[in-house]
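Written below as structure tokens is the structure these notes are about.
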Amino acid sequence: TNVKSVFLLQLKVLICRNYKGDVDMAEIDHFMPLLMQHEEEGLICPVISHGNVHFLWIKHSNLYLVAMTNKNSNASLVYSFLYKLVEVFTEYFKELEEESIQDNFVVVYELLDELMDFGFPQTTDSKILQEYITQEGAKLEVAKSKVPTTVTNAVSWRSEGIKYKKNEVFIDVIESINVLRGIEPGVNANGSVMSSDIVGSIKLKTMLSGMPELRLGLNDRVLFALTGRDKGKTVVMEDVKFHQCVRLSRFESDRTISFIPPDGESELMSYRINTHVKPLIWIESVIEKFSHSRVEIMVKAKGQFKKQSVANNVEVRVPVPSDADSPKFKTSTGHAKYVPEKNLVVWTIKSFPGGKEFLMRAHFGLPSVENDELEGKPPITVKFEIPYFTVSGIQVRYMKIIEKSGYQALPWVRYITQSGDYQLRTNV
Amino acid sequence: MTDSKYFTTTKKGEIFELKAELNSDKKEKKKEAVKKVIASMTVGKDVSALFPDVVNCMQTDNLELKKLVYLYLMNYAKSQPDMAIMAVNTFVKDCEDPNPLIRALAVRTMGCIRVDKITEYLCEPLRKCLKDEDPYVRKTAAVCVAKLHDINAQLVEDQGFLDTLKDLISDSNPMVVANAVAALSEIAESHPNSNLLDLNPQTINKLLTALNECTEWGQIFILDCLANYTPRDDRESQSICERVTPRLSHANSAVVLSAVKVLMKFMEMLPKDLDYYGTLLKKLAPPLVTLLSAEPELQYVALRNINLIVQRRPEILKHEMKVFFVKYNDPIYVKLEKLDIMIRLASQANIAQVLAELKEYATEVDVDFVRKAVRAIGRCAIKVEQSAERCVSTLLDLIQTKVNYVVQEAIVVIKDIFRKYPNKYESVIATLCENLDSLDEPEARAAMIWIVGEYAERIDNADELLESFLEGFHDESTQVQLQLLTGIVKLFLKKPTETQELVQQVLSLATQDSDNPDLRDRGYIYWRLLSTDPVAAKEVVLAEKPLISEETDLIEPTLLEELICHIGTLASVYHKPPSAFVEGSRGVQHKRLPGSAGSGESVDSPDTGSAAGVSEAPPAVIPSQGDLLGDLLNLDLTPPTTTGPPPPTSGMQMGAMDLLGGGLDSLLGGDLGGNPAMAAGFGAPPAVMPTSFNAPVSGGLDDLFDLGGGVGMPMGSYSPPKTVWLPAMKAKGLEISGTFARRSGVIQMEMTLTNKAMSVMTDFAIQFNRNSFGLAPAGPLQVLTPLSPNQSIEVSLPLNTVGPVMKMEPLNNLQVAVKNNIDVFYFSCQYPISMLFVEDGKMERQVFLATWKDIPNDNESQFQIKDCHLSSDAASNKLQGSNIFTIAKRTVEGQDMLYQSIKLTNGIWVLAELRVQAGNPNYTVSLKCRAPEVSQSVFQSYEAVLKN
């Protein structure tokens, strides 16, 4: 079960690597026409097949990354790998696009050679790769002449001999709230929340010397239940996902999050919490469409969080019909803007204190000749971020850092809550 | 400066210039030139002419240059095999370079050069590299063995590389282990019978240890390899599961899915009553839900797999409906998959929410999505009876929108709703008829015609409506033509006086003016039926239709099992076995799930067959029952693909004609015998069963003439009277009728086999499909003497309950395959669940009380038993005969309350409270069970036992 070859394309093939010799590379010529055909029929699908050959593809800006196979390959592995390619290339070249590939084609070939062998993904950690595959080849001959032991180590994500003058770890706890709110059937009214969850992410910026052993303590209810401690609020995490560095069996057995961290920035873990959350910014909207004449929009936004907190950069995006014209706005705070290319009104409020309520009214004209085309019913979406606060109440209780040299290191923690997929359906 | 400059030199004489530069003395210039060559290669120019010059640059200590030359070699060596030899020396030398990067690079590249002559030289360096001190080289060499095997398998075997590779599974470095596993799996895939992987508890243990330490990709290789292993028993199975579950917390979705595959497979071996089984089920849901936050393509793979998982184990995600709600910005392929899963998870508990969502989706703009949403509403109506009314009214609302494709989809599904709930919603027919003109899709037209024909007696102008379709008869698709033919015949049978002309018209259109054999044959059959015996015609054409299945589009169980073994792969995305889309995999074994706990005495164990003295037909002759069942179902719809040999005599089929009332033999004899399509058409339900009802596992096996099966629990004594399970006309003259009995703790399947054909039948064997309680024959079918024409024989087949388990619908449905010297035949029958009530089913009083309290009230169901005139004691005695035990009796205000317990063969307890009031012939029975789905069948047994 593996990949036969990987292509990077943008209408034409930019670069390709054939990992197994048994598929005709010319098969890739069928990919673009088939893709276009599917797109026209409105039936795009991440797998396209032509005869015995299957194309598994993803798109990154204008670039298609395509894996080709004629076997029953592990599809999830292939997509994971393609996304990993994007990640590695982006870390190497900042932007992954036609230009950066052409500018660096030698390195791209080298990377493709190192990332995968005979269809099996190999070393894909870009920090480690950068130790022996570099863009300024000539200068670093010496460094490159050795395989970093890290490549084949059990600790394949951190090299030895890292040194910092000041040893610090920065921990960001970021929670995104996903909300899907329905509509009351039949009435132009605001329905109730149909589903909501919290997706949290704990990110590290590690600036520690040597090979430190870290242990992260959270107010995890399962852990507290295991240890019999019960101090204050705890949080139930429905599902947790960890970076490769975390010892999963250890977590499974006693809920300890222990690891040797990668150097620099990384996502240590993510979690999902199922508890029903009150939407932090509650929207009530009335959208009235008078055919052939006008659309009137009234949106009320209410901050349903503590008075002491402030939501920053709040954006309420309200859909309008594509043929609307002559916008007029009135807002009690912030400012509203019509974005015709997206058929949206964007109402921006830089700073939105908890408990406050604001209003926006918009008025659009509609042409007397109606647009025949059926239009979808896009939802109202909301964006915001609230610093110094996690909606779930999750807390970092401690971060223990032990290194054999015995240095003292400081952990810094920052909390933030932001909007995730925050959709409020509308009737119009 | 960037590399892009290399792409710009495209003037004439380029090759010539490059040649000069490649041969330059200056290192830098050489390197620049090679870069230009690679750049040209990248944009697709043929630079193979430079082969010798590029190879000359190979001997360099500049790693970057070396890599470029190697890259060039991989591309062009195949087209210049003779010159490729020039590179061999350098390769061999590089394989001994002090720098491990170069050793690995050389062995990696050499394996990619698919030139036979080179491979010979590869062996020695490869052998060294496999034992290299540096793990980076070893892990590269491990993969190289698979490469070499791909080019020359024999060479790899002769050189003993496979053994070295196996040794690497014990390597100290986890990445080497992972690559060795990957390489071995790859090789094993092309040699399915080589037993190459030879997994045993020791190797499994090594793999599980490496699993904790290797990279995310290595973890996937190992998990995928583990999935091929079959643990020896449930304990080993559990211990592997325990070590695999931590992987569910890995950030890489592919690791999670591969872990899910292993767990889904090994879970089959765990006894359901094991605590750990429940724990494992609970652990699977959260990671599956989290996969829905992955990138859209990974979500798609996850959803396709979840679709399989909910079919196999619906309990895992039954509370997670909401996460499958469609979001506006989901890509269309994600939306369509979510919709599919929503329907699978729909139940009485969540139906209101589901319907509200579906209605919302049905007003979206994406045509495919909207169609599917409308169809889904219909499926909900059929699946959840309580919601049917609401679904119908939602569909009517949608019809009012007059959006063409919405109306058509709605009509197609309403037809199915009519089928499922006869005489309930026909009042909406008038609304449907209003939309007749707007239907332009064959499926919708056929559905509408079916409705008009089926309810002709309630539609005043049915004849006009059908006639209007007749005008363009020859322009219609076959589907519509067939339906129109049947519809008009139905109309004629219902209103003969006014429609004679119409029926003659359609019969002549079908038989004389059409060149479609199916249509013609069906036309002839109707014609002859009508002209010879209208009563028989009525019985055939207007016969009661078998119920349609709740679930549509279910994947056939054998295929589902195979796909579960392929979770995460393309097969699971396509929902097709790999053999259907991978070339050269025809001979490859189909993967199967391991049998459940305790199924050691499988039906195909060789000694059961021979011990019984059945000469050459042990039950195992029926290779994969599921597959054949699948074929059989298809057979209904596509008559000419009959698989078996042609029947020896036409008289065989004639035997079946008796069922139609006789008298036809003489008329049809010659014709029928010589016309297989016609014969098949007869056995095939489509005449009255619209084709969209495909694959209802239970319903499809029943058919018009099957008088016995599928018509609910046969009423009668504890052992119900025999009914016809397999009519002779469906089985080339073999008729089977039967019943079930429980005698001294043994379940007996009692059958009468009758030979209604003209030749002798021998070599009988029997096999069951997986079923709800694991019923399986305890021995072979004992028919020792050949069965002569017109002879009957009584057989009693003891059954056990250790066979493979799969939930059936209805629960007590049993699909049976019987083989004789002529063919294999299938039928389904239903056993009274009281057969499964075991003798030690009397619960302790205290336990009873505690259990009764412990089972949630939601699991309680209440039934009425009407017209029963027994005293409570008589009832108690009677029930005890069937292993329904009375534990206590209480009398409150003249009402006797009997507390009773039942234990099923699979250990499920059912607790009952039976209320008997003097002078009231109606009993009330309340049943409580942790598996409430058995309640209905248990109640039926109560009724059957008490009334006989």
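The analysis underlying the following values was restricted to heavy atoms, covering all of them including side chains, and did not include hydrogens, waters or symmetry mates. The chains referred to below are lettered A, B, ... by the order of the sequence lines, with proteins before strands, and numbering in each begins at 1. Worth saying up front: this structure is predicted, and the values here are computed from it rather than measured.
Electrostatic pairing of A/Asp117 and B/Lys139 does not count as a salt bridge here, judged by no charged N lying under 4.0 Å from a carboxylate O. A salt bridge is defined here as a Lys NZ or Arg NE, NH1 or NH2 lying under 4.0 Å from an Asp or Glu carboxylate O, and B/Lys327 with A/Asp421 meets this definition. The pair A/Lys20-B/Glu186 meets the salt-bridge criterion, with a side-chain N (NZ, NE, NH1 or NH2) lying under 4.0 Å from an Asp/Glu carboxylate O. A salt bridge between A/Arg425 and B/Glu357 is present, with a side-chain N of the basic residue lying under 4.0 Å from a carboxylate O of the acidic one. A salt bridge does not link B/Arg243 with A/Glu252: every distance from a Lys NZ or Arg NE/NH1/NH2 to an Asp or Glu carboxylate oxygen is 4.0 Å or more.
Each of B/Glu364, B/His250, B/Lys322, B/Gln219 has some count of heavy-atom pairs under 4.5 Å with chain A, and the biggest count is that of B/His250. By number of non-hydrogen pairs under 4.5 angstrom with chain A, the leading residue of B/Val256, B/Asn329, B/Thr140, B/Asn252 is B/Asn329. Between chain B and the residues A/Ser253, A/Ser195, A/Ser80, A/Ser270, the most heavy-atom pairs under 4.5 angstrom are made by A/Ser80.
Of the two parts of B/Glu320, only the side chain, counted from C-beta on, holds a non-hydrogen atom closer than 4.5 Å to a non-hydrogen atom of chain A. No part of B/Ser185 comes within reach of chain A, as not one of its non-hydrogen atoms sits under 4.5 angstrom from that chain. When heavy atoms are compared at a cutoff of 4.5 Å, A/Leu56 approaches chain B solely by way of its side chain, counted from C-beta outward. B/Tyr70 does not touch chain A: none of its heavy atoms, backbone or side chain, sits under 4.5 Å away. Within the 4.5 angstrom heavy-atom criterion, only side-chain atoms of A/Gln423, from C-beta onward, approach chain B. Heavy atoms closer than 4.5 Å to chain B are found in both the backbone and the side chain of A/Ser249. Residue B/Pro135 touches chain A through both its backbone and its side chain, counting heavy-atom pairs closer than 4.5 Å. Both the backbone and the side chain of A/Phe242 have a heavy atom closer than 4.5 Å to some heavy atom of chain B. Within the 4.5 angstrom heavy-atom criterion, no atom of A/Asp197 approaches chain B. Residue B/Asn75: no heavy atom, backbone or side chain, is found under 4.5 Å from chain A. For a residue to count as touching a neighbouring chain, one of its non-hydrogen atoms must lie under 4.5 Å from one of that chain's; by this rule B/Val326 touches chain A with the backbone only. Only the side chain of B/Asn179 comes within contact range of chain A, with heavy atoms under 4.5 Å apart. Contacts between B/Val334 and chain A at a heavy-atom distance below 4.5 Å are absent for every atom of the residue. The parts of B/Thr245 that come within reach of chain A are both its backbone and its side chain, each placing non-hydrogen atoms under 4.5 angstrom from that chain. Residue A/Trp57 touches chain B through its backbone alone, counting heavy-atom pairs closer than 4.5 Å.
Taking the six-membered ring for Trp and thresholds of 30 and 60 degrees, A/His54 and B/Tyr574 have ring planes inclined between 30 and 60 degrees apart.
Partners of A/Asp24 according to the salt bridge (Lys or Arg N to Asp or Glu O under 4.0 Å) rule, which considers only residues two or more places apart in sequence or in another chain, do not exist here. In this view, A/Arg255 and A/Asp220 satisfy the salt bridge (Lys or Arg N to Asp or Glu O under 4.0 Å) rule, not counting sequence neighbours.
Interatomic distance, CG of B/Asp224 versus CG of A/Leu77, reported as 7.5 Å (0.5 Å rounding). Atom-to-atom distance recorded for A/Ser76:OG and B/Ile220:CD1 is 6.5 Å, nearest 0.5 angstrom. Once rounded to the nearest 0.5 Å, the distance linking NZ of A/Lys84 with CH2 of B/Trp217 reads 6.5 Å.
Under the 3.5 Å distance criterion, with hydrogens and angles disregarded, a donor-acceptor pair is assigned to the side chains of B/Thr42 and A/Tyr109. Donor-acceptor pairing under 3.5 Å is recorded for the side chains of A/Asp239 and B/Thr290.
Nearest heavy-atom pair across A/Ala75 and B/Val301 is CB-CG2, 4.2 Å.
In this structure, the side chain of A/Lys241 engages the main chain of B/Leu248 through a donor-acceptor pair within 3.5 Å. For B/Gln353 (side chain) and A/Met194 (main-chain N/O), no donor-acceptor pair under 3.5 Å exists by modelled atom type. Under the 3.5 Å distance criterion, the side-chain polar atoms of A/Asn72 are left unmatched by any main-chain donor or acceptor of B/Pro578.
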